[in-house]
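Taking it in order: structure first as structure tokens, then the write-up.
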Amino acid sequence: MSAAKRQVRVIYSGEVQGVGFRYAARGLANRLGVTGGAENLPDGTVRLVAEGPEDVLRQLLLQIRISHLGPCISNEQIEWGAAQGLDGFYYR
């Protein structure tokens, strides 16, 4: 289990707006102790930014896929990077 924090940025496309995506992602992130946020983008996608240990972030992404949100997702664009020290979990 890695303790080094990382950041993952994911753009979800499909029917991801208007289905409680951001609210559900925040609940999952809070349960896992992940910081970051989720926001609707003008093109109909949702951007998720999350920080924490990589294994926990991978668990978050898996839980999103197997939750009720999974059938709403048609594509994920995932980018990994260094943590930026985000605090809390926002959604907009």
Side-chain angles (χ1 to χ4, degrees):
M1 189 162 161
S2 171
K5 284 194 172 186
R6 305 254 347 250
Q7 183 181 90
V8 64
R9 293 178 158 277
V10 186
I11 301 291
Y12 291 99
S13 57
E15 299 295 322
V16 292
Q17 290 190 11
V19 296
F21 196 101
R22 296 169 299 153
Y23 182 79
R26 182 178 73 168
L28 292 169
N30 285 340
R31 279 193 284 280
L32 292 169
V34 170
T35 59
E39 63 185 306
N40 286 340
L41 300 178
D43 64 359
T45 61
V46 171
R47 175 174 35 223
L48 172 77
V49 178
E51 291 188 355
E54 185 173 337
D55 57 335
V56 176
L57 295 176
R58 290 187 183 281
Q59 183 64 31
L60 173 64
L61 300 183
L62 175 63
Q63 287 188 16
I64 289 171
R65 280 185 220 113
I66 64 174
S67 75
H68 72 281
L69 300 173
C72 303
I73 300 167
S74 63
N75 191 43
E76 301 167 296
Q77 296 175 342
I78 301 172
E79 294 181 12
W80 290 91
Q84 303 295 311
L86 298 175
D87 187 36
F89 198 90
Y90 67 86
Y91 69 99
R92 46 186 147 190

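The structure presented is a predicted model; accordingly, all values stated were derived computationally and were not measured. For reference, positions follow the sequence shown, starting with 1.
- Residue pairs that meet the side chain to side chain donor-acceptor pair (under 3.5 Å) test with at least one member in residues 63-87, sequence neighbours left out, are Arg65-Glu76.
- The backbone N or O of Ile11 sits nowhere less than 3.5 Å from a side-chain atom of Thr45 that would complete a donor-acceptor pair.
- A distance-only check finds a donor-acceptor pair linking the side chain of Arg22 to the backbone of Arg92 [under 3.5 Å].
- Put simply, the side chain of Phe21 does not reach to within 4.5 Å of the side chain of Leu48, judged on heavy atoms.
- If you run side chain to side chain contact (heavy atoms under 4.5 Å, CB included) between Val46 and each of Leu41, Asn40, Leu69, only Asn40 comes through.
- At least one side-chain heavy atom of Ile64 sits less than 4.5 Å from a side-chain heavy atom of Ile73.
- Using cut-offs of 30° and 60° on the angle between ring planes, the pair Tyr23 and Tyr91 is perpendicular.
- A distance-only check finds a donor-acceptor pair linking the side chain of Glu51 to the backbone of Gly85 [under 3.5 Å].
- Between Val34 and Gln59 there is no side-chain heavy-atom pair separated by less than 4.5 Å.
- Of all the heavy atoms in Leu86 and Gly36, the pair that sits closest is CD1-CA, 3.7 Å.
- Proximity of Leu61 to Arg58: side-chain heavy atoms (C-beta onward) are nowhere separated by under 4.5 Å.
- Note that CG of Leu32 and CG of Leu28 are 7.0 Å apart. Values are rounded to the nearest 0.5 Å.
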(message) Could you walk me through whether Arg6 and Glu54 satisfy the salt bridge (charged side-chain N to carboxylate O under 4.0 Å, His left out) test, starting with their C-alpha distance in whole Å, then the side-chain angles of each, then the deciding distance to 0.1 Å, before giving a yes or no?
(response) CA-CA 6 Å; Arg6 305 254 347 250; Glu54 185 173 337; 2.7 Å; yes
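- Taking 4.5 Å as the limit, every side-chain heavy atom of Val8 sits out of range of all side-chain heavy atoms of Leu60.
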